[in-house]
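Structure first, then comments.
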Amino acid sequence: MYDRILLPTDGSKGVDRAIDHAIDAAERYGATLHVLYVVDSDVVNAYSGDEFVDGSEGAEETLEERGREALDEVASHAADAGVDTETELVYGVPHEAILEYIDDADIDLTVMGSKTRSGDYRRMLGSVTERVSRQSTAPVSIVKTTVSG
């Protein structure tokens, strides 16, 4: 039923349950797990080059390093479960880059984490998961995680 499953990750603890679900689904269906990290171009472009940060490492390098660590962590868990993975780090607006990847890689199912937060916070910030679930041409499974504080 599913040959290509996508797990977009931002490396946060809130996606731990989504990682487990995505690996389980890939194992169950014999699917390849695609793991995607999007370096948010809006964050990189907004970085002013603060003098308190080592000049050799700005926001772009820091976000890229975090992304590679997140991808490696998921790929390691998947390998332990015997699941084949493809990892990719891209630059862009997160929901747009995820939707583009879904189309380009012909993804059958996307598994995403969603942190349960107050309504005001969600309305103010928006949600990558919500945007992807509304606009994706393929099924999206949302794994909820409660975030305290």
Side-chain angles (χ1 to χ4, degrees), residues 2 4-28 31-50 52-105 107-118 121-136 138-149:
Y2 301 119
R4 290 165 300 284
I5 297 173
L6 173 63
L7 173 74
T9 183
D10 63 3
S12 69
K13 292 296 175 202
V15 299
D16 287 351
R17 291 187 64 227
I19 292 169
D20 293 341
H21 281 264
I23 290 172
D24 181 64
E27 187 177 18
R28 196 174 296 231
T32 299
L33 180 63
H34 293 246
V35 188
L36 177 67
Y37 184 94
V38 181
V39 176
D40 191 333
S41 57
D42 288 344
V43 172
V44 171
N45 293 337
Y47 178 67
S48 65
D50 188 320
F52 298 108
V53 175
D54 178 355
S56 66
E57 186 167 298
E60 184 172 349
E61 291 81 9
T62 302
L63 291 171
E64 192 170 305
E65 182 179 317
R66 179 177 176 188
R68 296 209 185 283
E69 289 170 1
L71 293 171
D72 290 346
E73 181 181 339
V74 175
S76 175
H77 287 306
D80 290 345
V83 171
D84 291 333
T85 59
E86 290 185 20
T87 61
E88 185 150 357
L89 185 141
V90 299
Y91 284 78
V93 177
H95 74 279
E96 292 173 0
I98 293 166
L99 290 164
E100 184 176 326
Y101 190 92
I102 289 168
D103 290 340
D104 290 350
I107 296 297
D108 301 307
L109 171 69
T110 301
V111 178
M112 298 184 74
S114 177
K115 300 174 193 94
T116 304
R117 294 193 166 110
S118 71
Y121 180 89
R122 180 167 294 282
R123 277 191 296 278
M124 179 181 71
L125 192 64
S127 167
V128 171
T129 300
E130 286 178 17
R131 289 176 180 164
V132 170
S133 68
R134 277 196 319 264
Q135 298 176 33
S136 176
V140 177
S141 177
I142 300 172
V143 181
K144 293 186 177 185
T145 301
T146 301
V147 175
S148 58

> CG/Leu99 to CD1/Ile107 distance, rounded to the nearest 0.5 angstrom?
Replying inline: 12.0 Å
> Ignoring hydrogens and geometry, is there a side-chain-to-backbone donor-acceptor pair from Ser133 to Glu130 under 3.5 Å?
Replying inline: yes
> Say you draw a straight line from CG of Leu33 to CG of Leu109; how long is it, rounded to the nearest 0.5 Å?
Replying inline: 10.0 Å
>> If the condition is side chain to side chain donor-acceptor pair (under 3.5 Å), which residues does Arg66 pass it with, not counting sequence neighbours?
In response: none
> Hey, does the side chain of Asp108 reach the backbone of Arg4 with a donor-acceptor pair shorter than 3.5 angstrom?
Replying inline: yes
> Does any N or O in the side chain of Arg17 come within less than 3.5 Å of the main-chain N or O of Lys144, such that one atom is a donor and the other an acceptor?
Replying inline: yes
>> Side chains of Val128 and Asp10, heavy atoms from C-beta outward: is any pair under 4.5 Å?
In response: no
> Which residues satisfy the ring pair (Phe, Tyr, Trp, His ring centres under 6.0 Å) test with His34, sequence neighbours excluded?
Replying inline: Tyr101
> Partners of Thr129 by side-chain contact (heavy atoms from CB on, under 4.5 Å), sequence neighbours excluded?
Replying inline: Met112, Ser114, Ser127, Ile142
> When rounded to the nearest 0.5 angstrom, what distance separates CG in Leu89 from CZ in Arg68?
Replying inline: 5.0 Å
> Minimum heavy-atom separation for Ala18 to Gly113, with atom names?
Replying inline: CB-N, 3.6 Å
> Going from OG1 on Thr110 to CG on Leu6, what distance comes out if it is rounded to the nearest 0.5 angstrom?
Replying inline: 4.5 Å
> Of all residues at least two apart in sequence or in a different chain, which pass the side-chain contact (heavy atoms from CB on, under 4.5 Å) check with Arg28?
Replying inline: Asp24
> Less than 4.5 Å apart, any side-chain heavy atom of Asp40 and any of Leu63?
Replying inline: no
> Roughly how far apart are Leu7 CG and Ile98 CD1, rounded to 0.5 Å?
Replying inline: 9.5 Å
>> Could you report the tightest heavy-atom contact between Val38 and Val93, atom names first, then the distance?
In response: CG1-C, 4.3 Å
>> Which residues pass the salt bridge (Lys or Arg N to Asp or Glu O under 4.0 Å) test with Asp72, not counting sequence neighbours?
In response: none
Using atom types as modelled, flag every donor-acceptor pair under 3.5 Å from a side chain in residues 76-86 to any protein atom, sequence neighbours excluded.
none

> Which distance, rounded to the nearest 0.5 Å, do you find between the OG1 of Thr87 and the OH of Tyr37?
Replying inline: 13.5 Å
